[in-house]
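As structure tokens, the structure follows; a few thoughts come after it.
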Number of protein chains: 2
Amino acid sequence: MVTLAEVARRAKVTGATVSNVLRNPQKVKPETVERVMAAIRELGYRPNLTARALARGRTSTLALMLSNIANPFYPEFVLAAEREARKRGYFLLVCNTDDDPAITRAYLEQIAGSLASGIIVMNTDLGEGELTDVANRGVAVVLCMWEHVQPSRTLPCVTIDFAAAGALAATHLSGLGHRKFGALVGAGSGGPQTIRLDGFARALAAHGHSEKSLTVVHAHDSLESGYEATMGLLHRKPALTAIFATNDLMAIGAMQAAADLGKRVPDDLSVVGLTDIVLAHQFRPALTTVRLPTAEIAARSIALALEMVEGGTSTQDLYVVRAPELIVRESTGPAPSRRRRA
Amino acid sequence: MVTLAEVARRAKVTGATVSNVLRNPQKVKPETVERVMAAIRELGYRPNLTARALARGRTSTLALMLSNIANPFYPEFVLAAEREARKRGYFLLVCNTDDDPAITRAYLEQIAGSLASGIIVMNTDLGEGELTDVANRGVAVVLCMWEHVQPSRTLPCVTIDFAAAGALAATHLSGLGHRKFGALVGAGSGGPQTIRLDGFARALAAHGHSEKSLTVVHAHDSLESGYEATMGLLHRKPALTAIFATNDLMAIGAMQAAADLGKRVPDDLSVVGLTDIVLAHQFRPALTTVRLPTAEIAARSIALALEMVEGGTSTQDLYVVRAPELIVRESTGPAPSRRRRA
DNA sequence: GTGAAAGCGCTAACAA
DNA sequence: TTGTTAGCGCTTTCAC
């Protein structure tokens, strides 16, 4: 391994100067810079990032804690996050927790042991206390897309207005003349997505619908779970004409269930999702959904973490990214004429 | 930050002993272990992984180079890889290259600068030379799912028999009585997937089909590209009754194209994919496909990289993982009776 | 503008 | 069984 010392020797300077050439070339005489660069090239020198991290007191690594990257939302998020991190010279560690607190804790231990200098936590079964501990050890902790009613009092949080997202879906469906609604509420991790539901329910009420017009059913963040939940829901409430799912995967499962029950989407049943994953527009019928600014949230979270890392500061602010947006596609339509069913 | 020295002081031993307690407790008197562990607990000590890496000469990080994690194959791969790595105390860095040689090179530079002690390269536009350079710097380089005809002479490679995979598809389709075939060949990165196609074509020939019975069209590893390619293909060759796509995403795009052209799958057109991503069985009609042992390849690649890292050895062997397997679902069926079309 | 020197926190001989 | 002693390769004051 070629070290900085060898480069120094060859360029007839000391290590300090080589180090400066690499990081503040303007502080070094141009000719010296030239000589050092030449030596670096000739020797094929690459700075040892581990040594650098040790000397500087921080690594160029950020960790991303998520429950399971196989959920299609995450790859989209990771892609954007990685790009932002790379732009700023950082690397991304993917930490799949499988929603297992033991795994999550193990990761936190390592990260607290200076594996990464910052960490984006997308969800977790852990209490806020354990995360605060890590933050107190000097790691930049950023909560991302947290859905608790009460945002953290000690950790910064990047999120979007989930209630508004739910409301968008409700207004759309209500505007199409629907009267009997079903809601599929996911609970991938970090508890049920109740804020999304609340936003939906509240907007329904605002549009004059009674509480009885909405039937809620709980599920998990998967296509299969959305399918099962919808089968049960439509069995119990065959008169439903509109379903809101708190995420797209469940919405797609709902459409498949409808198809299997002989219901046409959107003629017999309208379905609206939430997230706008890539599959949403690829699926047939294309899913009407509320788009979350995924890439923007990812980039913002990384940027915030890096600000904290590099500024050595901490914050507990709440950052709410751009509002969600309704994307109307093929899965929603006017409520079927009421004559068709009792 | 609590350091090893502070733990040592508190436990009234030296750093060397604390270090031993952590890594070879059997070499330390039980009571001392007790005392040290108590100190660790009381102080909330976490070993600094950066310092450890510097002292040991290697990090506990592995890099995974892939073109774009948004392609659904990769998250499935990453999930398995991360699990295997975690089991052995390593962490996974996700490196999205976007098939951009500049990005790939930048990552390699950093990795060569001891960012990671091993690297799994899934595909790349780079020549083997640049990878060999990295390997020569002491990084464990493992090629994974390489599809070149000539496997590397200097780097180990974990892969599967892509030709056999293609052949499986051909045999299935031929057995169903099809006579006019189309093939969608992807080229996500690392060049076109010609081995898959060759296996398919050769098996077709072996079953007595002439060369003219197969029409090949090139596309990219995406649903949209599979859609477009199929539109073009069916326009030029309306008599096709079977399509083989070298990956599932394109196969699904093909099914959508068929639907838009008024062709029913599998009644009018059979479609078979390759990979068996999760979406393959979730989609309707469920896709018949050749399953690749994704998780197994991932785990094997990680394991091999770690063997090299920990053993300090290198190898140039070719590891061929379990054979692919045909998964028959709903997208393939008997060739339509020949009377229906000229 | 450049060099000398003291670490960063841990590991790994080798001694004791 | 435990301690001593050098580093690992780089950064970073502080002199010169």
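This structure is a prediction, so every number in the text was calculated from the model and none was measured. In what follows, chains carry the letters A, B, and so on, assigned in the order in which the sequence lines appear, proteins first and then strands, with residues in each chain numbered from 1. The figures here come from the full heavy-atom set of this structure, side chains too, leaving out hydrogens, waters and symmetry mates.
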Would you indicate whether the side-chain heavy atoms of [Y] and [X] approach each other to under 4.5 Å?
X: Leu62(A); Y: Leu306(A); answer: yes
X: Val94(A); Y: Leu92(B); answer: no
X: Leu131(A); Y: Leu108(A); answer: yes

[atom1] of [X] versus [atom2] of [N]: gap in Å, rounded?
X: Leu43(B); N: dG9(C); atom1: CG; atom2: P; answer: 14 Å
X: Arg9(A); N: dT2(C); atom1: CZ; atom2: C1'; answer: 18 Å
X: Asn48(B); N: dT11(C); atom1: CG; atom2: C1'; answer: 13 Å

Salt-bridge present (Arg9(A), Glu6(A); N to O < 4.0 Å) |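 Judged by the 4.0 Å cut-off on N to carboxylate O distance, Arg9(A) and Glu6(A) do not form a salt bridge.
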
Pair Glu82(B) + Arg86(B), salt bridge at N-O below 4.0 Å =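 Salt bridge present between Glu82(B) and Arg86(B).
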
Classify the nucleic acid contact of Thr3(A) as base, sugar-phosphate or nothing, counting any heavy atom under 4.0 Å across all strands shown.
->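 Sugar-phosphate only.
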
Interatomic distance, Arg46(A) atom CZ to Asn48(A) atom CG [nearest 0.5 angstrom] =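 Rounded to the nearest 0.5 Å, the CZ-CG separation comes to 12.5 Å.
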
Examine dT2(C): is either OP1 or OP2 under 4.0 Å from a nitrogen or oxygen in the side chain of Thr17(A)? Give yes or no.
->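 For dT2(C), neither OP1 nor OP2 has a side-chain N or O of Thr17(A) closer than 4.0 Å.
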
If you find the nucleotide of DNA chain C closest to Ala16(B) and the one closest to Thr50(B), which residue's nucleotide is nearer the 5' end?
->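 First, find each residue's nearest nucleotide; the 5'-ward one identifies Thr50(B).
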
What's the shortest heavy-atom distance between Leu64(A) and Ala81(A), and which atoms?
->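 Shortest heavy-atom separation between Leu64(A) and Ala81(A) comes out as CD2-CB, 4.4 Å.
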
Nearest to the side chain of Met1(B), which nucleotide is it out of dA12(C), dG9(C), dC8(C)?
->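 Looking only at heavy atoms from C-beta outward on Met1(B), the closest nucleotide is dG9(C).
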
DNA chain D-proximal residues of residues 19-38 of chain A, any heavy atom under 4.0 Å =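 Going residue by residue through residues 19-38 of chain A, the ones with a heavy atom under 4.0 Å of DNA chain D turn out to be Ser19(A), Arg23(A).
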
Residue Glu31(B) excluded, over 12 heavy atoms near CD under 6.0 Å |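 Open: at most 12 neighbouring heavy atoms sit under 6.0 Å from CD of Glu31(B).
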
First-last contacting nucleotides on DNA chain D - partner chain B, under 4.0 angstrom, heavy atom =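 The protein-touched segment is dT1(D) to dG9(D).
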
